[in-house]
2 protein chains.
Amino acid sequence: MSSIDTELANTIRADIIDGTFEHGARITEARLCDSHNVSRTPVRLALRRLEQEGMIRKGDGRGYVVEEITVDGIRQAVMVRGHLESLAARLMAQSEKQAQDLDRMALAIERIEALIDQGSLDDDTLKNMHAENFAFHNTILKGCGNSYVKFTCDQISHLPMLASGSMVFDRDSIDGKTDIDKTILRLKIGNSQHRIIYKAIEQGDPVRAEGMMREHSNTMIEYIEVFEQRKNKLTVRDLVSYSVQGNPRIEDIEEKAAS
Amino acid sequence: MSSIDTELANTIRADIIDGTFEHGARITEARLCDSHNVSRTPVRLALRRLEQEGMIRKGDGRGYVVEEITVDGIRQAVMVRGHLESLAARLMAQSEKQAQDLDRMALAIERIEALIDQGSLDDDTLKNMHAENFAFHNTILKGCGNSYVKFTCDQISHLPMLASGSMVFDRDSIDGKTDIDKTILRLKIGNSQHRIIYKAIEQGDPVRAEGMMREHSNTMIEYIEVFEQRKNKLTVRDLVSYSVQGNPRIEDIEEKAAS
DNA sequence: AGCAATATGTTGGGATCCCAAATAGAAAAT
DNA sequence: ATTTTCTATTTGGGATCCCAACATATTGCT
């Protein structure tokens, strides 16, 4: 349990994302104090934090207004994140690598492979896959030698779908409504891209590493387009429901990696 | 005059940058209250902001510790910023452009050209050049169609040398200690890169726009290396003294552009 | 003398109060 | 009836107070 203002910020952020606060709505400190039974001090801190994150913005006169989150905005943010990740891959390829980082990446690839080969995409499998995907991407961000890459990525990762190594899944295929093979194929292609990225980094090929990571990052953008083609009006809430919920704790990842 | 907490954050940030607070120093709320004669509320807000910016970090037990700012860190941040700008150039090239944006970019190029041709690099000339350089880069960031690019750039622009379109100048050459021709040449090359970026964007050549912007962004990194070769121990303070002080106000830029 | 337990002081989070500015509503004047 | 002005209420920034947690020092016990 963190401090109240952090929890408050998380709550309000979640409310904005899932549409409880629709965009343009005025947010006042007093109202939040009343509804959450807290004093104004943590409310102030939470609002400031959300303002810096870009979730809310100071209104014309008084108070804050809720910034609109659109599918297109998420697509844009994903693009920025992908571009930063491609920088990380290039930098890591052309710098001296830590052996443990490479090992962790290889381990993630193998584990994802094993999870895909299970053939069933139950919730637990998805969570594990998400955790390994996170480990792969986060290792590159941390291991590229430029700490500002990860820092900058983290700055936009409070939006849905933007946490490190986030994955989007076609819930319909998982529920058996549409054929699961296409989703499996997608995952296999994604992991083969992981292999290429790993090889390029390990062999010190920055151009290939950057290019493959750029391609790999487009996966989610294309996935979003698939959803848009199927659903005539894709909402942010839809996207959130398609994504793997819950961020894996870094400690859990490392713990599992040690086993 | 903004609110106290904003001013406080600016003050503390400046103190960290110029070394008044050396890295690793413990920062406590009470101490700041005492030294700045303010209450703890604005201090808390300022510290939270600086924490999110990455200037300070929660210490092991109590309080905050000052994060170290190194020349290498600045180089890394400049690299991240340049990478984001190259994304902006690519996106702007491949999307439909606003005519006014292109006009503003062309205007900036012409004005910089005229300023260079003056031949003297006095302080006022540098300020104007900085303003036009800012206008050029900022127009691309705003006009690329992806608002998260500029947002993300702004997130790291509180570090020295990272404000939009920042320029670094060789003060020694300006003061006549070393030959000024080399600096003039550098500026001319930089502006010719501006021309190429403009043409690539205007003609819808995303590959060329991205590549040229990437090259252009390396200019500052190479400049830093020049300084490092000359000075055996280049400090952050040295770098700050070489940069053009003061951010141009956006209103001023637009006002001048209208004339 | 060494270790442990308690006491005291330091520090950060939260609550409450105060004040200034701004907005909205009401009243008055044209 | 409309517009302007004045007042009252809303709202956000700042100050102060309180409390809990943690750190350190002191004291007591072995």
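Proteins get letters first, then strands, A, B, ... in listed order; numbering begins at 1 in each.
A/Arg26 has its CZ atom 16 Å from the P atom of C/dA22, to the nearest Å. When the C1' atom of D/dT16 is taken as reference, atom CG of B/Asn37 falls 15 Å away, rounded to whole Å. Separating the CD atom of B/Glu29 from the P atom of C/dG14 is a distance of 11 Å, rounded to the nearest angstrom.
Counting heavy atoms from C-beta on, the side chains of B/Ser217 and B/Val78 never come closer than 4.5 Å.
Within 4.0 Å (heavy atoms only), B/Leu47 reaches no atom of the nucleic acid at all. Within 4.0 Å of A/Ile27, counting heavy atoms only, lie sugar-phosphate atoms of the nucleic acid but no base atom. At a threshold of 4.0 angstrom between heavy atoms, the contacts of A/Ile4 are confined to the sugar-phosphate backbone, with no base atom among them.
Look at A/Thr28 and you'll find a side-chain N or O under 4.0 angstrom from OP1 or OP2 of D/dG12.
The nucleotide whose nearest atom lies closest to any side-chain atom of B/Pro42 is, among C/dG12, D/dG13, D/dA15, D/dA15. The side chain of B/Ser39 approaches D/dG14 more closely than any other nucleotide in the set C/dA15, D/dG14, C/dG13.
Between the side chains of A/Asp238 and A/Ser241, no donor-acceptor pair of N or O atoms lies under 3.5 Å. Between the side chains of A/Asn128 and A/Thr125, no donor-acceptor pair is found at a separation under 3.5 Å.
Residue B/Arg31 is the one, among B/Arg31 and B/Thr41, whose nearest nucleotide of DNA chain C lies closer to the 5' end (criterion: closest heavy atom).
If you check distances only, the side chain of A/Arg40 does reach the base of D/dG13 with a donor-acceptor pair under 3.5 Å. A donor-acceptor contact under 3.5 Å is not formed by the side chain of A/Arg48 with the base of D/dG13.
Atom CD of residue A/Glu85 and atom NE2 of residue A/His216 lie 7.5 Å apart, to the nearest 0.5 angstrom.
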